[in-house]
A.B. asks: 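Let me begin by handing over the structure; questions about it come next.
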Amino acid sequence: SQTIHQWPATLVQPVGSPLSLECTVEGTSNPNLYWYRQAAGRGLQLLFYSVGIGQISSEVPQNLSASRPQDRQFILSSKKLLLSDSGFYLCAWDRGRDEQFFGPGTRLTVL
Amino acid sequence: GENVEQHPSTLSVQEGDSAVIKCTYSDSASNYFPWYKQELGKGPQLIIDIRSNVGEKKDQRIAVTLNKTAKHFSLHITETQPEDSAVYFCAARTGRRALTFGSGTRLQVQP
């Protein structure tokens, strides 16, 4: 069966510090991978998605970037965090149609 | 692109009552409609989905209906229980495009 992992589960970072969040998927190959952000009490904002290694599409201009160095690994990064980057970050995968599955999320607090 | 609207934003029901959440979509070519349940601090979990060639689908106490002509679909939860309390998201997908999510409904089941 397929599983999706995210780490760390929680993170507290000062403004201006770098960020690296990691997502890995097990039990499938060539998945589509997604990064979402969820502000407190809000909906899901799609940040990036990837249909293959090195292929990244950005949905919104921002302070963040994404990379896919391996087939089942998706990384969300920032060189300098802003207060507005705080939120709940969710990774998800699917096969390009139908069901999409989410990871457990990373709670990021920027102080 | 696709636009999904979800109502109500909050819903409070008494234990044992039914709950209904409604979504409308804009792209008539959308063909897949999942519903997710998100508990506090966790990633969304797929609870039920429906494809455009089906009008209704049931799974125990939950059901989803789809009206393609009107471009709306609904989630029905019967005999609600306190553990049904969560945020529910609808979504729509057109072909191989990324899912478009509604803004979420916070359901509270009062014991």
Side-chain angles (χ1 to χ4, degrees), chain A residues 1-11 21 23-25 30-52 55-60 66 74 76 87-109, chain B residues 1-11 21 23-25 27 29-54 57 59 64 66 85-108:
Chain A
S1 64
Q2 301 88 8
T3 55
I4 178 168
H5 304 278
Q6 287 186 245
W7 63 89
T10 61
L11 191 60
L21 302 181
C23 170
T24 58
V25 180
N30 196 30
N32 287 354
L33 296 172
Y34 304 84
W35 279 113
Y36 293 86
R37 177 168 60 200
Q38 190 174 31
R42 305 295 295 274
L44 301 163
Q45 180 187 31
L46 179 62
L47 301 176
F48 301 95
Y49 70 94
S50 171
V51 299
Q55 300 178 63
I56 310 293
S57 295
S58 174
E59 289 295 300
V60 292
F74 206 22
L76 184 69
F88 192 47
Y89 288 83
L90 290 157
C91 182
W93 76 273
D94 64 30
R95 297 293 297 166
R97 61 184 181 90
D98 297 350
E99 301 94 336
Q100 183 175 103
F101 301 96
F102 285 86
T106 294
R107 173 78 57 195
L108 172 66
T109 303
Chain B
E2 175 69 280
N3 182 50
V4 177
E5 294 190 359
Q6 183 172 346
H7 300 281
S9 57
T10 60
L11 180 60
I21 302 170
C23 289
T24 60
Y25 60 98
D27 188 348
S30 289
N31 56 3
Y32 175 69
F33 308 91
W35 285 89
Y36 289 84
K37 175 184 180 182
Q38 186 179 26
E39 298 178 342
L40 192 62
K42 298 184 178 180
Q45 296 292 313
L46 179 68
I47 57 171
I48 195 167
D49 57 12
I50 192 168
R51 291 167 178 78
S52 58
N53 59 345
V54 177
K57 184 177 178 180
D59 183 3
V64 57
L66 171 65
S85 296
V87 178
Y88 291 81
F89 291 96
C90 65
R93 167 169 261 164
T94 305
R96 302 184 71 83
R97 298 178 191 169
L99 284 170
T100 300
F101 285 88
S103 54
T105 296
R106 183 173 299 279
L107 173 64
Q108 187 166 6

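Lettering follows sequence order; numbering is per chain, from 1.
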A.B. asks: Heavy-atom cut-off 4.5 Å, strictly under: side chain, backbone, both or neither for B/Arg93 against chain A?
C.D. replies: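 When you check distances to chain A, only side chain atoms of B/Arg93 fall under 4.5 Å.
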A.B. asks: With respect to chain A, which residue among B/Gly102, B/Ala91, B/Gly41 yields the maximal number of heavy-atom pairs within a distance under 4.5 Å?
C.D. replies: B/Gly41
A.B. asks: Take A/Ile56 and A/Phe74, measure what side chain to side chain contact (heavy atoms under 4.5 Å, CB included) needs, and give me the verdict at the end.
C.D. replies: CA-CA 10 Å; A/Ile56 310 293; A/Phe74 206 22; 3.5 Å; yes
A.B. asks: Quick one: does NZ or CZ of A/Arg107 land under 6.0 Å from the six-membered ring centre of A/Phe88, within 45 degrees of the ring axis?
C.D. replies: yes
A.B. asks: Please state whether the side chain, the backbone, both or neither of A/Leu46 comes within less than 4.5 Å of a heavy atom of chain B.
C.D. replies: side chain
A.B. asks: Which bit of B/Gln38 is near chain A, if near means a heavy-atom gap under 4.5 Å: side chain, backbone, both or neither?
C.D. replies: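 Looking at B/Gln38, just its side chain touches chain A.
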A.B. asks: Just by distance, no angles: are the side chains of B/Asp49 and B/Tyr32 close enough, under 3.5 Å, to form a donor-acceptor pair?
C.D. replies: yes
A.B. asks: By salt bridge (Lys or Arg N to Asp or Glu O under 4.0 Å), which residues pair with A/Glu99, not counting sequence neighbours?
C.D. replies: B/Arg51
A.B. asks: In terms of heavy-atom pairs under 4.5 Å, which option from B/Gly95, B/Pro44, B/Ala98, B/Ser103 contacts chain A the most?
C.D. replies: B/Pro44
A.B. asks: What part of A/Gln45 is in contact with chain B, defined as an atom under 4.5 angstrom from a non-hydrogen atom: side chain, backbone, both or neither?
C.D. replies: neither
A.B. asks: Answer yes or no: does atom CZ of A/Arg95 have more than 12 heavy-atom neighbours from other residues, nucleotides or ligands under 6.0 Å?
C.D. replies: yes
A.B. asks: Measuring heavy-atom distances to chain A, does B/Phe33 have an atom under 4.5 Å in its side chain, in its backbone, in both, or in neither?
C.D. replies: neither
A.B. asks: Start with the C-alpha distance between B/Val4 and B/Cys90, add both sets of side-chain angles, then the distance that settles side chain to side chain contact (heavy atoms under 4.5 Å, CB included), and finish with yes or no.
C.D. replies: CA-CA 8 Å; B/Val4 177; B/Cys90 65; 3.5 Å; yes
